[in-house]
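The structure appears below as structure tokens.
Keep in mind it's a predicted model, so treat the numbers as computed, not measured. Order of the sequence lines sets the chain letters (A, B, ...), proteins ahead of strands, with each chain counted from 1.
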Amino acid sequence: MTLGELTRRDFPILNRVVNGHPLTYLDSAASSQKPSAVIEAIQHYYEWSHANVHRSIHTLGEEATELYEAARDAVRGFVGAGAREEIIFTRGTTEGLNLIAQTLGRTLRPGDEILVSEMEHHSNLVPWQMLCRDRGAALRAVPLLEGAYLDMAAFDRLLSSRTRVVAVAHVSNVLGTINPVADIAEKAHAAGAVVVVDGAQAAPHVSLDLRTSAADFYVFSGHKMLGPTGIGVLYGRRERLDALEPAWGGSEMIKEVWIDHAQLNDLPWRFEPGTPPIAEAVGLHAAIEYLSKLGMERVLAHEQSLTAGCLDALARIPGVTIYGPVNAELKGAVVAFNVEGLHPHDGAALLDQRGIAVRAGHHCAQPLMKRLGIAGTLRASFSVYNTADDVARLAAAVAELPGEL
Amino acid sequence: MALYSNVIRERFRHPRFRGALPEPDAEYEDVNPLCGDRIRMACRLADGRIADARFTGDSCAIAAASADVLIEMMLGQPAEFLQTIDPSRVLERLDADIRPSRMKCVTLPLTVLLGALGGKEVAR
């Protein structure tokens, strides 16, 4: 039995019938579905242990605090971070990137440069644009080769002593390209730059070992990795976090407050003002346990086999153009494609009529779309619960699309 | 009712008013933030009435069909007539069951034509 066949039954939503067809969910790169274990963990937390964390001197408060902090330990183990102080809970990848941009930004001067790439999600682009505008810094972008890979020779040319931050996606949310972040980080560090990695499309699929990786900051979301919405993780290397001012003020991020100043709290709480997403942390913990039980190597192998099958099936259909690497081993679990003469939104709407959920449009990567010279694409993406049948249903439906409009 | 009605399919395949209009009196284009689709509408006026109009752009079938029927509704009408056309009248013409998530595709041509007749400049 494949991993998809084994795990499907754990995801209640996959029993749904949509527009008269069994749901074929191929939009996990946007947001994954949740196993019962996650849904039940959240429900149990609210029915049994909910209270505010950290300063509630009562049983429920202590339980909630324990659960919240246990989730942090689980994340630390899952991503291979050196210490729990390096794990900061956020609302998601976007918030994590904004947090880093805002706090690093305070140290930027006119003439400094930030280096991103042409394949970035808007979330790893617009915060840096805003920062550059505020601080008089300049934004540079690494161009693409063959519309799929970072041009590393151009990266070498663009990187200089003026570069203060290099911010890149680990895995592109459209092309699926796995970027050489270790190489990028090594070169960036040699140039004296801080390395920020958008791991939103990597964390759900690959085994991470951030202790040995060279990223200074690594950011991802819970909801793309079987966890709930409203929680994400900002990993920061301890010495980097120690050197940073908190982005936002409030309760929890302080030790003691006077009317005109405050003494900051220790890591990681210094970066977590206000009541945190407690139930969401509990849910994320359950998701991590679920994924860990499957084993991330097995998850990756399963998803690569689906991606390879999808690339192969779509390539056989006349009029289909595939974007990004065509070798499944060089990419994450996403396949972006277009059907000749068909707008991606029309394609997605027609697939939805058959119960097939795919993403369509610019995927929050408009500069990439402009570079590829297209308005948008269709995108199928995979998670643990997908099967070869899902891919076959997609391919059969896509083959019929050209005649449908 | 189908999402892609026969009207939408027919207008998408065989648009009556798609193409460039040389020397237009009014012209405007705008983008659908949902999908990045771009529609441009151009028209010629005679005695305050729409004498001719065309649309161009890279868009989905719904937006293209909407632009096509909108031009048909406006031809020969005074420019102010556009104020009386609300999205429900376009939907009626399209004979389609459009979900809220795709209503912007229906209304984009309306917004663009309003911009053209209102003398708006295209933002760059």
Side-chain angles (χ1 to χ4, degrees), chain A residues 18-21 27 30-31 118 120-123 125-126 173-174 319 321 323 336-379 397 400-405, chain B residues 1-16 18-19 29-41 55-69 87 90-91 94-109 111-112 122-124:
Chain A
V18 172
N19 295 322
H21 298 269
D27 197 17
S31 195
E118 284 185 347
E120 297 311 312
H121 188 282
H122 296 165
S123 293
L125 204 50
V126 181
N173 69 312
V174 180
T321 305
Y323 303 93
F337 62 101
N338 268 326
V339 179
E340 197 180 353
L342 197 67
H343 187 281
H345 277 185
D346 292 328
L350 292 167
L351 291 172
D352 179 59
Q353 300 293 298
R354 296 158 187 252
I356 301 171
V358 297
R359 200 90 180 152
H362 52 60
H363 313 293
C364 299
Q366 285 181 331
L368 173 62
M369 295 297 126
K370 291 181 171 102
R371 172 58 65 195
L372 297 174
I374 51 179
T377 75
L378 290 157
R379 183 189 72 185
E400 289 175 10
L401 283 181
E404 296 220 0
L405 260 192
Chain B
M1 219 188 290
L3 171 59
Y4 290 96
S5 62
N6 287 336
V7 178
I8 292 181
R9 284 166 202 266
E10 172 60 21
R11 294 285 184 148
F12 176 63
R13 273 194 217 133
H14 308 292
R16 295 169 204 181
R18 187 194 275 274
E29 77 173 44
D30 207 350
V31 69
N32 180 349
L34 170 76
C35 53
D37 281 5
R38 198 167 274 280
I39 290 260
R40 174 174 279 255
M41 304 272 265
F55 78 96
T56 52
D58 193 9
S59 80
C60 68
I62 296 174
S66 169
D68 215 52
V69 299
V90 180
L91 275 180
L94 293 174
D95 191 32
D97 178 21
I98 304 290
R99 294 191 189 173
S101 66
R102 299 297 295 280
M103 271 308 289
K104 280 246 160 45
C105 314
V106 176
T107 56
L108 179 63
T111 316
V112 173
V122 177
R124 289 285 168 209

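Taking OH from Tyr323(A) and CG from Leu378(A), the interatomic distance works out to 9.5 Å, rounded to the nearest 0.5 Å. In this structure, the separation between CG on Leu91(B) and CD1 on Ile62(B) is 9.5 Å, given to the nearest 0.5 Å. Rounded to the nearest 0.5 Å, atoms CZ (Arg9(B)) and CD (Glu404(A)) are 7.0 Å apart.
Listed options Arg102(B), Glu10(B), Arg99(B) were ranked by heavy-atom pairs under 4.5 angstrom with chain A; first place goes to Arg102(B).
At least one side-chain heavy atom of Asp37(B) sits less than 4.5 Å from a side-chain heavy atom of Cys60(B). At least one side-chain heavy atom of Ile8(B) sits less than 4.5 Å from a side-chain heavy atom of Ile98(B). Counting heavy atoms from C-beta outward, Thr377(A) and Pro344(A) have side chains that stay 4.5 Å or more apart.
Scanning residues 345-352 of chain A against chain B with a 4.5 Å heavy-atom cutoff picks out His345(A), Asp346(A), Ala349(A), Leu350(A), Asp352(A), ordered by number.
When heavy atoms are compared at a cutoff of 4.5 Å, Ser59(B) approaches chain A solely by way of its backbone atoms N, CA, C and O.
The environment of Arg11(B) atom CZ is dense: over 12 non-hydrogen atoms of other residues, nucleotides or ligands sit within 6.0 angstrom.
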